[in-house]
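Working notes for the structure below.
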Amino acid sequence: MRLAFSGYPTRQMIMQRTLVKDALHSESAQPALLVQGWIRTRRDSKAFSFVEINDGSCLKNLQIVVDATLPDYAKIEQLTTGTAISVEGKLVPSQGKEQKWEMVATRVNVLGPADQTYPLQKKGHTLEYLREIAHLRPRSNLFGCVLRVRSRLAYAIHTFFQERNFVYVHTPIITSSDCEGAGELFRVTCFDPAKPPPLLDGKVDHTKDFFGRPTYLTVSGQLEGEILACALSNIYTFGPTFRAENSNTSRHASEFWMIEPEMAFCDLAGNMDLAEEFVKYLIQDFLTHCREDLELFLRFVDKELLQRLEFVLNRPFKRVSYTEAIDILVKSGKTFEFPIQYGVNLQSEHERFLTEEYFKCPVTVFNYPKEIKPFYMRANDDGKTAAAMDVLVPRIGEIVGGSQREERLDVLQENMKRHKMNAENYSWYLDLRRFGTVPHAGFGLGFERMLMFITGVGNIRDVIPFPRTPGHAEF
RNA sequence: UCCAGAGUAGCUCAAUGGUAGAGCAGCCGGCUGUUAACCGGCGGGUUGUAGGUUCGAGCCCUACCUCUGGAGCCA
């Protein structure tokens with residue numbers, strides 16, 4: 001039986017390249033195949049050398065038996081971890097116990113040697129060390145798994161929404177609205193930093209800048225997403241987000257990816273339903289399609305991972321109003337570093353208590369006091385709360401934040417006044433309420449935080465290939 | 001930014017204020033259908049940086065740098 005085509009040979013190659021993954025999953029022996037990859041480890045025997053190569057197509061390596069009678073065998077014996085090689089040979093049942101198939105080489109070409117200074121040894125490395133060599137860590141077992149799962153997760157996100165008739169839209173990365181409440185922004189300018197900027201009445205004259213106004217990298221596509229939802233009904237964005245906060249934690253990055261669905265004709269309850277269905281879908285997809293990578297996370301990252309994911313999958317998220325949450329915290333009798341008080345935001349320790357100790361499952365907290373929420377969230381009839389919701393999960397905390405949006409023009413204008421905002425800058429946003437306004441709602445899900453939750457990896461810097469954090473933009 | 005902890009060989013870590021060491025990796029040799037192979041040998045250090053205390057500092061003190069964990073901000 002012929003192996004499925006899954007590689008692209010260079011022009012000189014006569015044989016089609018077979019991926020390691022396909023070779024390992026072969027249903028039969030193969031008289032001739034070509035495999036290319038990087039050496040992970042090599043062991044010598046008297047009459048031959050065992051070379052294990054990995055090409056990133058899966059976690060496992062392919063064991064290649066190189067017989068000492070091959071020409072240039074002396075060179076084979078010098079091959080070190082990290083070397084890129086191209087191997088022709090046949091696929092045969094392995095005599096060893098650890099693998100079903102192995103390859104007997106008829107020809108080995110060294111494409112790219114790696115000398116003894118190659119930083120990845122054939123042993124476990126700490127995550128901290130791997131971060132210092134972010135250009136090579138994709139070749140490590142753990143990071144290879146993370147990147148394959150990251151890819152699959154992105155795919156599952158699109159599948160989820162496409163199956164539900166959500167339209168994938170692209171909101172701008174460069175924006176002029178300093179999206180209220182979402183923290184510090186990265187400024188986008190073409191002014192020469194070596195020269196003083198043009199002034200007008202003693203202030204920087206932004207009309208002379210590239211866009212003729214102050215511009216920033218987006219902190220959220222939500223406001224633009226609302227525009228598109230109020231035309232296409234259900235939309236989602238999936239793109240990079242930038243926040244210039246000086247946050248130094250294991251779950252914050254200056255550049256991260258976010259998924260933001262927005263639904264017209266939808267209220268807070270519908271929003272919470274979607275968030276829960278979405279999170280569960282992604283977990284299920286991972287458990288179905290990333291089994292081999294899951295095994296590695298279970299072994300080396302988090303022994304309770306599978307247990308926790310199945311637990312989350314198998315029962316409804318707890319839903320409590322902010323007021324109920326405060327009540328639970330007060331009645332718990334626990335002493336917290338930050339005392340519980342109605343009207344202030346839940347602290348990390350409070351969120352952790354709710355999700356890790358009290359409910360022991362994801363918790364959706366809704367109807368927060370309107371004073372601690374942004375202007376665009378819909379005011380509830382009680383006059384005190386806003387139709388906001390956060391999904392909290394064990395270990396990570398907030399993974400989803402969203403709300404029903406204020407669709408009533410007069411209420412929205414009142415909110416903007418209270419937040420001391422200049423309504424002129426948001427005339428387009430107000431127009432949505434002037435012309436055919438509808439109830440609508442949406443949320444943001446942190447892509448990397450979801451990836452952390454799914455893989456058990458504890459630091460956001462280890463689920464992004466090239467993390468950007470304060471003081472760090474290497475690679 | 002704040003609080004706490006840590007910086008010793010390429011990597012992971014030892015070393016009561018008194019001659020800096022091990023495992024792994026590397027190199028050399030041996031054994032072997034091996035599985036992060038195994039056995040023997042060899043090389044490898046400005047102990048994060050700069051000061052200070054001391055007869056003597058990897059260890060004690062001060063400042064700075066870097067990393068880690070936690071907090072705030074949030075996704």
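A, B, ... follow the sequence lines: proteins, then strands. Residue 1 opens every chain.
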- Item | Any A/Q347 side-chain nitrogen or oxygen under 4.0 Å from OP1 or OP2 of B/G72 | yes

- Atom CZ of A/F453 and atom P of B/A75 are separated, to the nearest Å, by 18 Å

- What is the distance from CZ of A/F242 to C1' of B/A75, rounded to the nearest Å? 14 Å

- Starting at CE of A/M416, measure out to CE of A/M421 and round the result to the nearest 0.5 Å. 4.0 Å

Identify every side-chain donor-acceptor pair in residues 135-147 of chain A under 3.5 Å, counting partners at least two apart or on other chains, and give the distances.
residue, atom, partner, partner atom, Å
A/R137, NH1, A/R461, O, 3.2
A/R137, NH1, A/D462, OD1, 3.4
A/R137, NH2, A/R461, O, 3.1
A/R137, NH2, A/I464, O, 2.8
A/R137, NH2, A/P465, O, 3.1
A/S140, OG, A/R137, O, 2.6
A/S140, OG, A/F143, N, 3.3
A/N141, OD1, A/R40, NH1, 2.6

- Could you give the distance from SG (A/C361) to CZ (A/R308), rounded to the nearest 0.5 Å? 13.0 Å

- Please state the C1' separation for the pair B/C24 and B/G44 - nearest whole angstrom. 14 Å

- Query: Any salt bridge between A/E52 and A/K122, counting N to O under 4.0 Å?
  - Reply: no

- Item | Interface with RNA chain B, restricted to residues 253-261 of chain A and to heavy atoms under 4.0 Å | A/A253, A/F256, A/M258

- Could you work out the separation of B/G23 and B/G40 based on their P atoms and round it to a whole Å? 9 Å

- Message: Parallel, tilted or perpendicular, judged at 30° and 60°: which one describes the rings of A/Y236 and A/Y168?
- Response: parallel

- Message: What's the separation between atom CG in A/L392 and atom CZ in A/F353, rounded to the nearest 0.5 Å?
- Response: 13.5 Å

- Classify the angle between the aromatic ring planes of A/F336 and A/H350 as parallel (below 30°), tilted (30 to 60°) or perpendicular (above 60°). perpendicular

- Starting from P on B/G26, measure out to CD1 on A/I39 and report it in whole angstrom. 12 Å

- Task: Rounded to whole angstrom, note down the C1' distance from B/A63 over to B/U16.
- Result: 28 Å

- Which class fits the ring pair A/F278 and A/F443: parallel under 30°, tilted 30 to 60°, perpendicular over 60°? tilted

- Note on the structure: Taken to the nearest whole Å, CD/A/E351 to C1'/B/G70 is 15 Å

- Query: Which of the following nucleotides, B/A75, B/U68, B/C24, is nearest to the side chain of A/Q121?
  - Reply: B/C24

- Please determine if a side-chain N or O atom of A/T249 lies less than 4.0 Å away from the OP1 or OP2 oxygen of B/C73. no

- Task: Round to a whole Å and report the spacing from CD of A/E132 to P of B/G10.
- Result: 13 Å

- Query: In residues 460-475 of chain A, which residues come under 4.0 Å of RNA chain B by heavy atom?
  - Reply: A/I460, A/H472

- Does A/Y342 have its ring centroid less than 6.0 Å away from the ring centroid of A/Y322? yes

- Going by heavy atoms closer than 4.0 Å, what residues in residues 134-164 of chain A are next to RNA chain B? none

- Message: Check the orientation of A/Y426 and A/Y429. Use parallel for under 30°, tilted for 30 to 60°, and perpendicular for over 60°.
- Response: perpendicular

- Query: Does a side-chain heavy-atom distance below 4.5 Å link A/E276 with A/R319?
  - Reply: yes

- Message: Output one letter per nucleotide in nucleotides 30-47 of chain B: B when a protein non-hydrogen atom lies under 4.0 Å from the base, S when only the sugar-phosphate is that close, - when neither is.
- Response: --BBBBBB----------

- Task: With C1' as the reference atom in both, quote the distance from B/A20 to B/C74 in angstrom, rounded to an integer.
- Result: 47 Å

- Roughly, in whole Å, what's the span from CD in A/E349 to P in B/A71? 9 Å

- Query: Do A/E398 and A/R251 sit within salt-bridge range, that is, some charged N less than 4.0 Å from a carboxylate O?
  - Reply: no

- For A/R131, which contact category applies under a 4.0 Å heavy-atom criterion: base, sugar-phosphate, or nothing? sugar-phosphate

- Roughly how far apart are A/H170 NE2 and A/T237 OG1, rounded to 0.5 Å? 9.0 Å

- Message: When you measure only distances, ignoring hydrogens and angles, does the side chain of A/S247 come within 3.5 Å of the base of B/C74 through a donor and an acceptor?
- Response: no

- Message: Are there runs of at least three consecutive Watson-Crick or G-U pairs touching RNA chain B, with each pair's two distances under 3.5 angstrom? Give them by first number.
- Response: B:1-7 with B:65-71, B:10-13 with B:21-24, B:26-30 with B:38-42, B:48-52 with B:60-64

- Query: Do A/F366 and A/S403 touch side chain to side chain, with heavy atoms closer than 4.5 Å?
  - Reply: no

- Task: Enter the distance from A/S332:OG to A/I340:CD1 here, rounded to the nearest 0.5 Å.
- Result: 5.5 Å

- Query: Under 30°, 30 to 60°, or over 60°: which ring-plane class applies to A/F375 and A/H419, parallel, tilted or perpendicular?
  - Reply: perpendicular

- Could you point out which residue of A/N367, A/T323, A/N380 forms a side-chain hydrogen bond (donor to acceptor under 3.5 Å, both in side chains) with A/T385? A/N380

- Check whether any side-chain N or O of A/N248 sits under 4.0 Å from OP1 or OP2 of B/G70, and answer yes or no. no

- Message: If you assign A/L346 and A/Y118 each to the RNA chain B nucleotide with the nearest heavy atom, which residue ends up on the more 5' nucleotide?
- Response: A/Y118

